[in-house]
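Here's the structure, in structure tokens; my notes come after.
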Amino acid sequence: MTAPTNLVATLRRLPLFNDLSDEELSIIAERVTLRRYDSGAIVFSEGDVCAELLIVKEGSVKILKTAANGRRS
């Protein structure tokens, strides 16, 4: 299966993948799982185990830190 060109182009924009060839990026792109989140959805919380690299293809995210007193910043 050939990786979709748009995923390779998305990966190409990220400094982490700058030194990889198109062939190497295609191998990574074939293993990508695309997910769509509704506005306001919590993607993960502090303390969650991280088992994947999350890349925002389009849109934006807000990163919040909750203090012990409940204040979010």
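Residue numbers start at 1 and run along the sequence shown. These figures come from a predicted structure and were not determined experimentally.
- Using a 4.5 Å cut-off on side-chain heavy atoms (C-beta onward), L53 and L16 make contact.
- Every pair passing side-chain hydrogen bond (donor to acceptor under 3.5 Å, both in side chains) that includes a residue from residues 34-45 is listed here, sequence neighbours excluded: R35-E52.
- The salt bridge (charged side-chain N to carboxylate O under 4.0 Å, His left out) analysis of residues 4-23, with sequence neighbours excluded, yields the pairs R12-D22.
- In terms of heavy atoms, S26 sits closest to V8 at OG-CG2, 3.7 Å.
- At a threshold of 4.5 Å between non-hydrogen side-chain atoms, the residues V43 and V61 do not count as touching.
- Contacts of L20 classified as side chain to side chain contact (heavy atoms under 4.5 Å, CB included), with partners at least two apart in sequence or in another chain: F17, E24, L25, I28.
- Contacts classified as side-chain hydrogen bond (donor to acceptor under 3.5 Å, both in side chains) and involving residues 59-71 (residues at least two apart or in different chains) are given here: E46-K65.
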Pair E58-T10, side chain to side chain contact (heavy atoms under 4.5 Å, CB included): steps then yes or no: CA-CA 9 Å; E58 63 182 65; T10 297; over 6 Å; no
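- Taking a 4.5 Å side-chain heavy-atom cut-off between Ile, Leu, Val, Met, Phe, Trp and Tyr, the cluster of L64 contains only that residue.
- The OG1 atom of T33 sits 10.5 Å away from the CG atom of L54 when rounded to the nearest 0.5 Å.
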